[in-house]
Amino acid sequence: MTAFTVALVLVVAAAGLLRWRRPAWYWLAFGVTLAALRVLVRYRSVMDACGLTVPPARWRLALARATKRPIPEPRPPRIRRLRPTRTGLVLRLKLRPGQDVFDIAAASDRLRHSFSMFGVTSREVRSGVVEVRMTGYDVLKRVQMPAETETRAMRVPVALREDGSVHYRDYRAIPHALTLGATESGKSVYQRNLVAGLAPLDVALVGIDCKQGVELFPLARRFSALADSPDTAAELLDALVARMADVYRLIRTQQRITVDVPDAEIAADIWDLPDELRPTPVVVLVDEVAELALYATKEEEKRRDRIITALVRLAQLGRAAGIYLEICGQRFGSELGKGITMLRAQLTGRTAHRLNDETSANMAFGDIAPDAVLAAIQIPAELRGLAIAGDASGGWHRIRAPHTSLRQAVNLCNRYADRTPALPELAPFRPTTGTATELVPSAKASPATA
């Protein structure tokens, strides 16, 4: 008995230590089994307490009365599948007649407390089927991306969502995006993760960094073009607009719209072209959009209008030509001048880190997800890297990118420098780099996102 007691104490102590220092390990070792048992045992009573049950069918009531049996109890949604994950549980439910997916969403907070989980979110899989994702611990406190992610052309993993799933940046689905964040909010780390995900792909990176290039020029070996001032940015954007026109002429000549060609083979963008003719897609990263919109003289005002006009044209027409925009900034509001709201309307993806004012949050989410505005301005200053991500569908998620130091990003860009395409239109803006430098070992990454 003494040996059993000692072993039990050691197991409990080990579980407590893991839960404190390594919550992911604790979840996989102990938490997932306990949580699954807790959900299965409490399921019926919890659903009844949360108002997620329906009365029994009339024929069952009539049969019970006729046979003088007890009245059947109210029925909760039927569990179709309970699947454990590395961060929590996934519960797939079949709704009963009369129930709605919004009923599950409204009861998410009560389900979280009742099942003793850290977070509960829900989404509709198809008509009558709802997937409830429950997380067993705070996955955004110490971000650990899964070892394997679903990557494909123009789709890269950049962060982790609060429900434990991976947040992807898919340029084919969401061509252009806006990323906002105050100083020391983690916006630069998010941008580094984006560059790190794009570096191994067959894509041309174009950067505009008006802070004399301090953010993007260290990554220059993977960039096909870089601009470090508004004057150079204006010329670079004009070159991109010219490239867009050339790509459209190529698509027009290769559309194959004769009557003997099936409709499925008619080309309308670069992804419909044969591989040997397809132009290289281009991702344009603007580090601080406000620097492109501000002016003090008449000459600067003309330059500003030229820049904003080019950005709006690229946002409206660039998708089919394979040109995608990533607009970043600390501040984004209508006071930046004419054309800003028109540009904002074309930026489907929205990501907001901690913001200092509600106006920027409204510019980010006011037109697509008003309830995300409050979440964006409530991000605490000590949680650098935490952000709200949404799109035109109205849905939004809390995300956090894993910490990536500038040295780690530089090493990755140097490793894939041979994938940097040389685009003739952008040759004058190709950054000059010295000989390939030896990769410097990165310091051990801090667990917290900076």
Holding to side chain to side chain donor-acceptor pair (under 3.5 Å), I want the full list of residues that pass it with Asp209, two or more places apart in sequence or in another chain. none
Is there a donor-acceptor pair closer than 3.5 Å between any side-chain N or O of Arg96 and the backbone N or O of Pro76? yes
Could you tell me whether the side chain of Arg192 and the main chain of His403 form a donor-acceptor pair under 3.5 Å? no
For a 4.5 angstrom cut-off between non-hydrogen side-chain atoms, does Thr179 reach His353? yes
Measuring only between side-chain heavy atoms, which start at C-beta, is Leu219 closer than 4.5 Å to Val410? yes
With sequence neighbours left out, what residues match Asp170 under side chain to side chain contact (heavy atoms under 4.5 Å, CB included)? Arg152, Arg155, Arg172, Ala173
Under the side chain to side chain donor-acceptor pair (under 3.5 Å) rule, collect the residues that match up with Thr420, sequence neighbours excluded. none
Heavy-atom closest pair (Ile377 atom, Ala361 atom, distance to 0.1 Å) is CG2-CB, 3.7 Å
Are any non-hydrogen side-chain atoms of Met145 and Val166 less than 4.5 angstrom apart? yes
Which heavy-atom pair separates Ile388 from Arg398 by the least distance, and what is that distance? CD1-CG, 3.5 Å
Who are the ring pair (Phe, Tyr, Trp, His ring centres under 6.0 Å) partners of Phe332, not counting sequence neighbours? none
If you look at every heavy atom in Arg303 and Ala234, which pair is closest and at what distance? CG-CB, 4.2 Å
Quick one: closest heavy-atom pair of Arg278 and Ile270, and the distance? NE-O, 3.0 Å
So, the side chain of Asn193 versus the backbone of Pro402: is there a donor-acceptor pair under 3.5 Å, distance only? yes
Side-chain touch Thr149/Tyr168, heavy atoms, less than 4.5 angstrom: yes
Going from CD on Gln191 to CG on Leu285, what distance comes out if it is rounded to the nearest 0.5 angstrom? 5.5 Å
Atom OH of residue position Tyr295 - does it have more than 12 heavy atoms of other residues, nucleotides or ligands inside 6.0 Å? no
Heavy-atom distance under 4.5 Å between the side chains of Thr348 and His176, does that happen here? no
I'd like a table of donor-acceptor pairs (distance under 3.5 Å, sequence neighbours excluded) in which one partner is a side-chain atom from residues 242-250, with atom names and distances.
from   : atom 1 : to     : atom 2 : distance (Å)
Arg243 : NH1    : Glu425 : OE1    : 3.4
Arg243 : NH2    : Thr280 : O      : 2.8
Asp246 : OD1    : Arg249 : NH2    : 2.2
Tyr248 : OH     : Leu317 : O      : 2.2

More than 12 heavy atoms of other groups within 6.0 Å of Lys302 NZ: no
Do Leu325 and Gln346 touch side chain to side chain, with heavy atoms closer than 4.5 Å? no
Taking Tyr324 for its side chain and Pro281 for its backbone only, find out whether a donor-acceptor pair lies under 3.5 Å. no
Flag yes if more than 12 heavy atoms outside Arg313 fall under 6.0 Å of its CZ atom; otherwise flag no. no
Between Val125 and Val130, is a side-chain contact (heavy atoms from CB on, under 4.5 Å) present by the stated rule, with each step listed? CA-CA 6 Å; Val125 178; Val130 177; over 6 Å; no
To the nearest 0.5 Å, tell me how far Glu299 CD sits from Arg304 CZ. 15.5 Å
Would Met47 and Leu93 count as a side-chain contact (heavy atoms from CB on, under 4.5 Å) if you check the C-alpha gap in whole Å, the side-chain angles of each, and the deciding distance to 0.1 Å? CA-CA 12 Å; Met47 289 296 174; Leu93 305 177; 4.2 Å; yes
Counterpart residues, side chain to side chain donor-acceptor pair (under 3.5 Å), relative to Thr309 (two or more places apart): none
Would you check if the side chain of Trp27 reaches a backbone N or O of Thr85 as a donor-acceptor pair within less than 3.5 Å? yes
Separation between CG of Leu91 and CZ of Arg83, rounded to the nearest 0.5 Å: 11.0 Å
Taking only residues two or more places apart in sequence or in another chain, which ones pass side chain to side chain donor-acceptor pair (under 3.5 Å) with Arg92? Glu131
Taking Glu288 for the side chain and Gln330 for the main chain, is one N or O donor matched with an acceptor at less than 3.5 Å? yes
Taking atom CD of Gln316 as the centre, does the number of heavy atoms from other residues, nucleotides or ligands within less than 6.0 Å exceed 12? yes
Test item: His397 side-chain N/O and Gly390 main-chain N/O as donor-acceptor pair under 3.5 Å: no
Is any side-chain heavy atom of Glu184 closer than 4.5 Å to one of Arg354? yes
Nearest 0.5 angstrom please: Leu216 CG to Cys328 SG, how far? 8.5 Å
Quick note, salt bridge (Lys or Arg N to Asp or Glu O under 4.0 Å) partners involving residues 318-329, not counting sequence neighbours, are Arg169-Glu326, Asp269-Arg319
Is there a donor-acceptor pair closer than 3.5 Å between any side-chain N or O of Arg400 and the backbone N or O of Leu140? yes
Under a 3.5 Å distance rule, please check whether Gln99 uses its side chain to pair with a backbone N or O of Leu52 as donor and acceptor. yes
Could you walk me through whether Leu426 and Arg430 satisfy the side-chain contact (heavy atoms from CB on, under 4.5 Å) test, starting with their C-alpha distance in whole Å, then the side-chain angles of each, then the deciding distance to 0.1 Å, before giving a yes or no? CA-CA 7 Å; Leu426 306 181; Arg430 183 72 181 263; over 6 Å; no
State which residues pass side chain to side chain contact (heavy atoms under 4.5 Å, CB included) with Ala233; sequence neighbours excluded, sorted by chain then number. Ile208, Ala227, Leu292
Test log, rule side-chain contact (heavy atoms from CB on, under 4.5 Å), inputs Met154 and Val203: CA-CA 8 Å; Met154 303 306 298; Val203 59; 4.2 Å; yes
For Arg133 and Asp163, work out which heavy atoms get closest and say how close. CD-OD2, 3.6 Å
Rounded to the nearest 0.5 Å, how far does CG of Asp231 lie from CG of Leu236? 12.5 Å
Taking all non-hydrogen atoms of both residues into account, name the closest pair between Pro279 and Leu273 and its distance. CD-CD1, 3.9 Å
So do Leu194 and Val283 actually touch side chain to side chain, heavy atoms under 4.5 Å? no
For Pro274, which residues count as a side chain to side chain contact (heavy atoms under 4.5 Å, CB included) partner, sequence neighbours excluded? Arg256, Glu276, Leu277
Could you pull out all residues at least two apart from Ala159 that satisfy side chain to side chain contact (heavy atoms under 4.5 Å, CB included)? His167, Ile399, Ala401
Could you list the donor-acceptor pairs under 3.5 angstrom formed between side-chain atoms of residues 111-121 and any protein atom two or more places apart in sequence or on another chain?
from   : atom 1 : to     : atom 2 : distance (Å)
Arg112 : NE     : Asp109 : OD1    : 3.1
Arg112 : NH2    : Asp109 : OD1    : 2.8
Ser114 : OG     : Arg110 : O      : 2.8

Which value, rounded to the nearest 0.5 Å, describes the distance between Asp103 atom CG and Thr53 atom OG1? 11.0 Å
Could you tell me whether a side-chain N or O of Ser360 sits under 3.5 Å from a main-chain N or O of Arg331, the two making a donor and an acceptor? no
